[in-house]
Trainee: 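Got a structure here, written out as structure tokens. Questions coming.
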Amino acid sequence: MIPYGKQNIDADDLTAVTEVLQSAWLTQGPKVPAFEQAVAEHATARFAIAVNSATSALHIACLALDVGPEDCVWTSPNSFVASANCALYCGASVDFVDIELATGNMCMAALEDKLIAAKLTNTLPKVVIPVHFAGQACDMQKLAALAQQYGFKVIEDSSHAIGARYQDSPVGSCQFSDICVFSFHPVKIITSGEGGMALTNQPTLARKMQLLRSHGITTEQAEYTEESHGPWYYQQQLLGFNYRMTDLQAALGLSQLKRLQTFVAERHKLAQYYEQAFAKKPNIIPLIQTADSYSSYHLYVVRLPGLTAEQHKQCVIHLREQGIVGHVHYIPIYLQPYYQQLGFKAGYCENAERYYQQAVTLPLFPGLTEQQQQFVINALEHFLCSLP
Ligand SMILES: *Cc1c(COP(=O)(O)O)cnc(C)c1O
């Protein structure tokens with residue numbers, strides 16, 4: 001089977017992990033801060049906090065911004081459920097802003113309309129979480145202007161977008177946001193097995209996320225609110241979690257980070273090959289790439305506009321029968337039974353639902369051969385030609 005994405009592990013990665021296994025520290029050693037510093041440098045952010053997943057990073061990011069039961073968080077329906085679940089973990093409510101069909105990203109015009117309406121009813125969001133879908137940054141400049149005007153905070157869910165750029169900066173710089181989150185799940189651009197990271201330029205947010213990652217415990221004498229009992233002393237100041245990344249994971253992440261640029265360049269080359277093949281096919285529409293963004297191409301998505309829901313399903317089944325793992329990203333989050341039970345109804349975000357019925361994710365990962373790509377292209381075209 002040709003998967004839609006997969007990790008790329010080389011000999012250096014193996015050595016890096018083995019070295020940690022033979023060292024004194026499997027966790028809470030030197031590799032985690034080294035990985036944090038390297039990612040912060042790559043992204044040109046001041047602080048980076050490594051955790052055990054992007055889901056955990058989104059959770060502590062919301063908590064650091066004081067999201068609580070009185071608050072509402074808005075995100076994109078075209079995402080993995082974690083983008084919305086993080087708000088529910090904090091007891092907050094969640095709402096969804098519709099997307100643009102052409103990019104799959106949150107639609108800033110829809111966001112603005114929703115903000116205008118929310119202001120009238122005093123229901124403005126505390127935090128908005130844009131998702132850089134497939135690795136392409138949202139219109140962050142517009143989003144930052146709206147954040148200023150309406151007084152909300154911004155967490156970028158950049159799970160797809162390490163290695164991407166927006167305007168003149170790497171995604172992760174937090175130039176237009178408060179916090180930016182990366183994922184290192186194996187299907188993403190670089191991996192640490194499981195893992196995530198939260199980046200910020202604000203020292204108070206950084207410190208709060210560091211505490212939340214590890215039970216809310218500090219061992220910094222200067223932060224103690226009462227006298228130390230002795231050299232064994234530590235102090236819990238917040239209700240935190242064990243969201244720590246291990247040194248094994250950090251060593252793998254650090255080793256992978258060295259190849260980030262190579263990975264993204266190869267993804268671009270592969271995407272270009274698809275793009276050329278589909279250029280003259282009006283019934284196969286790749287995501288539009290905006291001038292402001294350099295995508296990391298986490299996913300290669302095409303829209304197949306003319307199909308019925310049944311034909312769309314048959315298309316993915318056909319690809320799988322040929323040994324190609326076609327996928328669909330994403331089921332609009334609010335259509336999940338859990339969210340339906342919270343009161344969301346089908347039809348809530350028209351574009352997200354239309355998009356869901358048209359989108360197919362094709363294989364894209366470093367190591368995919370031209371021959372395999374041509375096989376995918378032929379299989380897709382063959383299916384579309386077979387339709388009545
Ligand atoms: C993968 C992903 C997550 C969750 O990442 P984990 O590291 O698996 O927790 C969150 N949001 C988006 C958009 C993702 O693709």
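Just so you know, ligand 1 is whichever comes first in the structure, and atom 1 is the first atom listed for that ligand.
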Trainee: What short N/O contacts, under 3.5 Å, does ligand 1 make with the protein, listed by atom pair and distance?
Mentor:
from     : atom 1 : to     : atom 2 : distance (Å)
ligand 1 : 5 (O)  : Ser183 : OG     : 3.4
ligand 1 : 7 (O)  : Ala54  : N      : 2.9
ligand 1 : 7 (O)  : Ser183 : OG     : 2.8
ligand 1 : 9 (O)  : Ala54  : N      : 3.3
ligand 1 : 9 (O)  : Thr55  : N      : 2.9
ligand 1 : 9 (O)  : Thr55  : OG1    : 2.5
ligand 1 : 11 (N) : Asp157 : OD1    : 3.4
ligand 1 : 11 (N) : Asp157 : OD2    : 2.8
ligand 1 : 11 (N) : Ser159 : OG     : 3.3
ligand 1 : 15 (O) : His160 : NE2    : 2.8
ligand 1 : 15 (O) : Lys188 : NZ     : 3.1
ligand 1 : 15 (O) : Tyr330 : OH     : 3.2

Trainee: Cut-off 3.5 Å, no hydrogens considered: what does the side-chain donor-acceptor table look like for residues 23-31, sequence neighbours left out?
Mentor:
from  : atom 1 : to    : atom 2 : distance (Å)
Ser23 : OG     : Val20 : O      : 2.7
Ser23 : OG     : Trp25 : N      : 3.3
Ser23 : OG     : Trp25 : O      : 3.3

Trainee: If Ile, Leu, Val, Met, Phe, Trp and Tyr residues are connected whenever their side-chain heavy atoms lie under 4.5 Å apart, and connections chain through other members, are Leu88 and Phe96 in the same group?
Mentor: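 In one cluster with Leu88: Phe96, yes.
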Trainee: Rounded to the nearest 0.5 Å, what separates atom CG in Asp178 from atom CD in Glu156?
Mentor: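 One finds 9.5 Å between CG of Asp178 and CD of Glu156.
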Trainee: Extract all donor-acceptor atom pairs below 3.5 Å that involve side chains of residues 269-286 and protein atoms in other chains or at least two apart in sequence.
Mentor:
from   : atom 1 : to     : atom 2 : distance (Å)
Tyr273 : OH     : Gln374 : OE1    : 2.6
Tyr274 : OH     : Pro363 : O      : 2.7
Glu275 : OE1    : Tyr300 : OH     : 2.4

Trainee: Please tabulate, for side-chain N and O atoms in residues 141-150, each donor-acceptor pair with protein atoms closer than 3.5 Å (sequence neighbours left out).
Mentor:
from   : atom 1 : to     : atom 2 : distance (Å)
Gln141 : OE1    : Gln167 : NE2    : 2.6
Lys142 : NZ     : Glu112 : OE1    : 3.2

Trainee: Between Asp98 and Arg354, is the salt bridge (Lys or Arg N to Asp or Glu O under 4.0 Å) condition met? List the steps.
Mentor: CA-CA 11 Å; Asp98 208 353; Arg354 193 136 59 99; over 6 Å; no
